[in-house]
Amino acid sequence: MTRQVILFCACGLLSAGVARAGFFDPANCECTNRGPASLGSFCQTANVYVTGNTGGVADPVGEFCVTVRDFNNAPIANSSVVIDFSQCDLQLCANQLDPGVIVDCALQTVGKLTDVNGEACFRVQGKSRPSGSLGCGGAAAYCVRVFADGQFLCAGDAPTFDLVGQGGEEGLNPNDLSEFLRQWLICATNNYRCNYDCSNRVLDPIDLSYFLRVWLLRGGSTTNCAGAVGPKCP
């Protein structure tokens with residue numbers, strides 16, 4: 001009888017270990033904002049840069065990767081990663097230029113399965129949706145929420161480069177620069193929309209320099225939600 005109890009306990013622990021291995025461990029997972037490194041910015045937060053594209057190629061400055069690992073620090077493939085923008089004041093492009101990404105316009109989310117390395121990378125295409133009489137600041141802090149298999153993983157802001165909605169969605173142009181300057185001069189503090197350098201959400205010349213680099217020097221967001229790319233979500 002004692003041997004049977006020991007055997008049952010051992011089997012139970014083994015089964016629990018096997019079942020547990022399939023679940024991600026937040027301590028071993030990563031939300032990494034890789035794109036800003038191309039601008040010289042190193043974000044410690046899970047900010048998701050919302051950008052445009054050039055010739056149907058997504059702007060790499062917006063690359064955001066999620067790595068899902070289990071309690072043994074082993075990567076989990078085919079984990080469903082969802083980035084939820086429903087609390088942000090932006091519009092997603094219906095086509096994210098990535099066949100692996102699923103866009104849900106109603107829920108304002110983008111989703112993707114992790115690869116064999118447990119990684120899902122996004123270059124989110126979209127534009128700002130001004131809110132309030134001045135369109136200041138953007139949504140509340142940490143409006144972006146990231147989930148893995150339905151469980152919360154991390155949160156961040158959604159700095160957006162295409163700030164002005166226009167017919168055809170031409171991407172970055174002088175109107176967007178004008179809007180950035182207005183954001184800077186009228187509502188520079190607590191600004192979640194244009195805080196490109198991931199600092200203290202206070203706009204400054206560094207944020208302006210990042211905007212100009214994306215627009216003029218790198219030319220990575222010249223179009224957005226237009227032409228072959230398709231429309232933006234409502």
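In this chain, residues are counted from 1 in sequence order. Just so we're clear, the structure is a prediction, and the values are computed from it rather than from any experiment.
Side-chain contact check for Ser86 versus Arg145: some heavy-atom pair is nearer than 4.5 Å. Taking the side chain as every heavy atom from C-beta outward, Val103 and Cys105 approach each other to under 4.5 Å. Between Asn191 and Trp184, every side-chain heavy-atom pair lies at or beyond the 4.5 Å cut-off. Side-chain atoms of Leu92 and Val110, non-hydrogen and from C-beta on, do get closer than 4.5 Å to each other. Side-chain contact between Val66 and Val68 is present, with at least one heavy-atom pair separated by less than 4.5 Å. Contact annotation: the side chain of Phe161 never approaches that of Asp59 to less than 4.5 Å [non-hydrogen atoms, C-beta and beyond].
Contact record, Val144 with Ala158: CG2-CB, 3.6 Å, taken as the closest heavy-atom pair. Looking at every heavy atom in both residues, Gln125 comes nearest to Ala58 through NE2-CB, 3.3 Å. Nearest heavy-atom pair, Leu113 versus Asn78, reported as atom, atom and distance to 0.1 Å: CD2-O, 3.8 Å. For the pair Pro159 and Asn47, the tightest heavy-atom approach, listed with the atom from each and the gap, is CD-CB, 4.2 Å.
By the salt bridge (charged side-chain N to carboxylate O under 4.0 Å, His left out) test, Asp98 is found to be paired with Lys112, residues two or more places apart in sequence or in another chain being considered. Every residue two or more places apart in sequence or in another chain that forms a disulfide (SG to SG under 2.5 Å) with Cys88 is listed here: Cys143. A search for salt bridge (charged side-chain N to carboxylate O under 4.0 Å, His left out) contacts involving Asp207 returns nothing, not counting sequence neighbours. Evaluation of the side-chain hydrogen bond (donor to acceptor under 3.5 Å, both in side chains) rule for Asp25 yields Asn28 as partners, not counting sequence neighbours. Annotation: side-chain contact (heavy atoms from CB on, under 4.5 Å) contacts of Pro75 (sequence neighbours excluded): none. Not counting sequence neighbours, Arg213 has no partner by the salt bridge (charged side-chain N to carboxylate O under 4.0 Å, His left out) test. Legend: residues meeting ring pair (Phe, Tyr, Trp, His ring centres under 6.0 Å) with Phe211, ordered by chain and number and at least two apart, are Phe180. Partners of Ala77 by side-chain contact (heavy atoms from CB on, under 4.5 Å), not counting sequence neighbours: none found. The salt bridge (charged side-chain N to carboxylate O under 4.0 Å, His left out) search around Asp197 returns none, not counting sequence neighbours. Residues forming a side-chain contact (heavy atoms from CB on, under 4.5 Å) with Thr54 (at least two apart in sequence, or on another chain): Thr222.
If you check the gamma sulfurs of Cys154 and Cys29, they are not less than 2.5 Å from each other.
Ser79 and Asp149 are linked by a side-chain donor-acceptor pair at a separation below 3.5 angstrom, with hydrogens and angles left out of the test. Between Asp84 and Gln108, the side chains place no donor N or O within less than 3.5 Å of an acceptor N or O (distance only, hydrogens not considered). Counting only N and O atoms by type, the side chains of Arg193 and Thr160 include no donor and acceptor under 3.5 Å apart. Asn224 and Asp162 form a side-chain donor-acceptor contact under 3.5 Å, judged by distance and modelled atom types alone.
For the side-chain contact (heavy atoms from CB on, under 4.5 Å) with Leu90, the lone residue among Val124, Val50, Leu163 that qualifies is Val50.
With hydrogens and angles ignored, the 3.5 Å screen pairs a side-chain donor or acceptor of Gln91 with a backbone N or O of Cys233.
Atom CG of Leu181 is surrounded by more than 12 heavy atoms from other residues, nucleotides or ligands within 6.0 Å.
Screening residues 33-50 for salt bridge (Lys or Arg N to Asp or Glu O under 4.0 Å), with sequence neighbours left out, gives Arg34-Glu119.
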Working for side chain to side chain contact (heavy atoms under 4.5 Å, CB included), residues Val101 and Phe122: CA-CA 8 Å; Val101 171; Phe122 303 79; 4.1 Å; yes

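Taking Ile, Leu, Val, Met, Phe, Trp and Tyr as hydrophobic and joining them when side-chain heavy atoms fall under 4.5 Å apart, one finds Phe152 in a cluster with Phe147.
A salt bridge between Asp157 and Arg201 is present, with a side-chain N of the basic residue lying under 4.0 Å from a carboxylate O of the acidic one.
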